[in-house]
Protein chains: 2
Amino acid sequence: MALELIQDKLKGIETNSLVDRVEARLVELLQSRQLKVGDTIPKEIELAEIIGVSRTVIREALLRLRTMGLIESRKKKGAVITSPDIFGNLSKSMNPYLLDDNTLREVFELRLVLEVGMADLLYHRITKNDIEDLRRIVQDEPTDAENRIFNVNHEIAFHGKLYEISGNQTMRKFQKMLLPVFEYVHESGLLKKPASRKKFISHRGLVDILENGSPEMFRNAMRNHLDNHFARLFD
Amino acid sequence: MALELIQDKLKGIETNSLVDRVEARLVELLQSRQLKVGDTIPKEIELAEIIGVSRTVIREALLRLRTMGLIESRKKKGAVITSPDIFGNLSKSMNPYLLDDNTLREVFELRLVLEVGMADLLYHRITKNDIEDLRRIVQDEPTDAENRIFNVNHEIAFHGKLYEISGNQTMRKFQKMLLPVFEYVHESGLLKKPASRKKFISHRGLVDILENGSPEMFRNAMRNHLDNHFARLFD
DNA sequence: TAATTTTATTATGTCATACATAATTATGGC
DNA sequence: GCCATAATTATGTATGACATAATAAAATTA
């Protein structure tokens, strides 16, 4: 009885719940001990004894670490440190229906910022094969008349390929997460201005610049290509 | 015995663990029912009965949602939907000592991409007050001779202010998360080339361009300003 | 009656125990 | 020495109990 109070006394007053504190201690432990990926941490029961709480609490704390991708637990083997997939878990909360309007708009902006700013990575890492892939993709660049689904697929194929070329997996994962949100914002009534039909620099044009131009040129071209989206933000 | 198999039979074969499936069902539930922030979801015991698993499993699944920031649970009141702070939880796993080298480098790149690409947001939202703030900050722009800590603080003040001006809270939070990683990569031996002493466009120069130039100019200037970092990536 | 204090209720937080499950290790036969 | 089988072990899941805190209901008082 009054167990929590006793724990408080023992460990100094902390405001959070027991699991919170245990979690913090575990994270601290992981960080302090220069653990490498693949190292195992003590078993649940051992941790329970060491810290002096029930296995339930330990399990809840470990579960959080697992949810954050800091550890993976295998039967018999105990939990092992993993290199966290920083965006892996994020995708579940990155849901248009659960985010408030302002955040949605900000995520929309984030994609635009990334694509305008990624030029240098592209130029440094692009290969001849990539150019060929892009050529194949833009070969069927749809006109405005064609149906929306096809348009969306083409958009995803082209811009997705760019993220791939960037050679930055983290950014690519991030983009994949942003995609549904972007789609949602684009289609929803969240942005005041309607999408314009005006044509800006095409995907084809971007490929040409990627092949023969410079990062500066590409940044400006991409900015132009995305002007429809930018214009809807800035009204 | 063979409870899991029975569950599989009932619900169609799914590969993941029981908690995984329950979690998925709960997320699905939250999304389908057009729930607004503040709405409550059924009690743990009710959920256990509805889905047909023990309270333990329900609790673990709910705990994940809580860790992801989708819900908050209050005693007696049950769990309530919250607008997820998408990057809130991420900060725990965004730890230099837990990320592998490649991810670290990619996060490093991510920051560069963001700052080069954010120009349009800046120009659209900057105010006279912001310019004054920036002027105050660059007034004490340190020279190379001065000590590192001061340099770092100045860097953070200046670039942080830019994110603030962008008006994109999501991006700002993201940057705050990236900062320690960036610092770590910059200081560590992860990048092959040493940091150059060569001077590029200064913070002062960036402010001038922000005041009188265009987004195009700013992008190029920022790219130049960050060339030290870019050069270390591209060797 | 209205306001305030006290008590009861209720849902989550924590603990404890038991067993299932899957992976590893040990054993045994050849 | 190799392969199949059995024992071990740590996590996964279920169940039941009580603590705690927030709320609702009841009782007391002005």
Side-chain angles (χ1 to χ4, degrees), chain A residues 1-11 13-26 38-82, chain B residues 1-11 13-26 38-82:
Chain A
M1 176 257 308
L3 175 64
E4 231 178 277
L5 284 179
I6 295 170
Q7 304 263 1
D8 279 345
K9 288 278 196 293
L10 287 175
K11 303 179 182 177
I13 311 96
E14 295 178 21
T15 61
N16 307 330
S17 92
L18 191 50
V19 176
D20 287 329
R21 280 173 280 160
V22 171
E23 179 200 350
R25 261 193 79 165
L26 289 178
D39 289 354
T40 64
I41 63 179
K43 335 291 178 195
E44 293 177 353
I45 297 181
E46 293 174 21
L47 286 173
E49 283 168 3
I50 293 171
I51 301 186
V53 297
S54 79
R55 191 182 154 215
T56 307
V57 172
I58 295 290
R59 275 188 66 77
E60 294 215 357
L62 287 179
L63 177 56
R64 291 193 190 176
L65 302 192
R66 216 169 329 163
T67 303
M68 295 188 295
L70 293 183
I71 63 173
E72 260 176 25
S73 29
R74 312 223 142 237
K75 290 197 176 181
K76 164 85 177 181
K77 203 59 185 286
V80 300
I81 309 284
T82 61
Chain B
M1 178 253 309
L3 175 64
E4 233 179 271
L5 286 178
I6 296 170
Q7 305 262 1
D8 280 344
K9 288 279 193 296
L10 287 175
K11 303 179 183 178
I13 310 97
E14 295 178 24
T15 61
N16 308 327
S17 90
L18 192 50
V19 176
D20 287 329
R21 281 173 280 160
V22 171
E23 179 200 351
R25 262 194 78 166
L26 289 178
D39 289 355
T40 64
I41 63 179
K43 335 293 177 194
E44 292 177 354
I45 297 181
E46 293 174 21
L47 285 173
E49 284 168 2
I50 293 172
I51 300 185
V53 296
S54 78
R55 192 183 152 214
T56 307
V57 173
I58 295 291
R59 274 189 67 75
E60 293 216 357
L62 287 179
L63 177 56
R64 292 194 191 175
L65 303 193
R66 217 169 327 162
T67 303
M68 295 188 294
L70 293 184
I71 62 172
E72 264 177 21
S73 33
R74 314 223 140 235
K75 290 198 178 181
K76 165 82 178 183
K77 203 58 183 290
V80 300
I81 310 282
T82 60

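Labels below follow one simple rule: chain letters A, B, ... track the order of the sequence lines, proteins then strands, and each chain is numbered from 1.
- Rounded to the nearest 0.5 Å, atoms CD (Glu46(A)) and CD1 (Ile51(A)) are 12.0 Å apart.
- The residues Asp20(A) and Arg64(A) are annotated as salt-bridged, a charged nitrogen and a carboxylate oxygen being separated by less than 4.0 angstrom.
- As rounded to whole Å, 11 Å separates atom P of dT10(C) from atom NZ of Lys43(B).
- Atom-to-atom, NZ of Lys77(A) to P of dT24(C) comes out at 6 Å; the value is rounded to the nearest Å.
- A donor N or O paired with an acceptor N or O is found under 3.5 Å between the base of dG13(C) and the side-chain atoms of Arg55(B).
- Contacts of residues 56-64 of chain B with DNA chain C (heavy atom under 4.0 Å): Arg59(B).
- Between Glu44(A) atom CD and dT17(C) atom P there is a gap of 16 Å when expressed in whole angstrom units.
- What separates CG of Leu47(B) from P of dT12(C) is a distance of 8 Å, to the nearest Å.
- Ile41(A) contributes atom CD1, which lies 7.0 Å from atom CG of Leu65(A) (distance to the nearest 0.5 angstrom).
- In this entry the distance linking CD of Glu23(A) with P of dG13(C) reads 14 Å, nearest Å.
- For Arg55(B), the side chain to side chain donor-acceptor pair (under 3.5 Å) criterion is met by Glu44(B), not counting sequence neighbours.
- In this structure, CD of Glu72(B) is placed 14 Å from P of dA22(D), rounded to the nearest angstrom.
- With distances taken from any side-chain atom of Lys75(A) to the nucleotides dA23(C), dT20(D), dC15(C), the minimum falls on dA23(C).
- The two atoms that bring Ala61(A) and Val22(A) nearest to each other are CB-CG1, 3.7 Å, heavy atoms only.
- Rounded to an integer number of Å, the gap from Glu49(A) CD to dA10(D) C1' is 14 Å.
- In this structure, the nucleotide among dA14(D), dT11(D), dA21(D) sitting nearest to the side chain of Ser54(B) is dA14(D).
- In this structure the side chain of Leu47(A) never reaches within 4.5 angstrom of the side chain of Lys43(A), judged on heavy atoms.
- Nucleotide dA24(D) holds its C1' atom 18 Å from the CZ atom of Arg74(B), rounded to whole Å.
- The shortest distance between the side-chain N/O atoms of Ser73(A) and the OP1/OP2 oxygens of dG12(D) is below 4.0 Å.
- Remark: Ser54(A) engages Thr56(A), Val57(A) in a side chain to side chain contact (heavy atoms under 4.5 Å, CB included) (not counting sequence neighbours).
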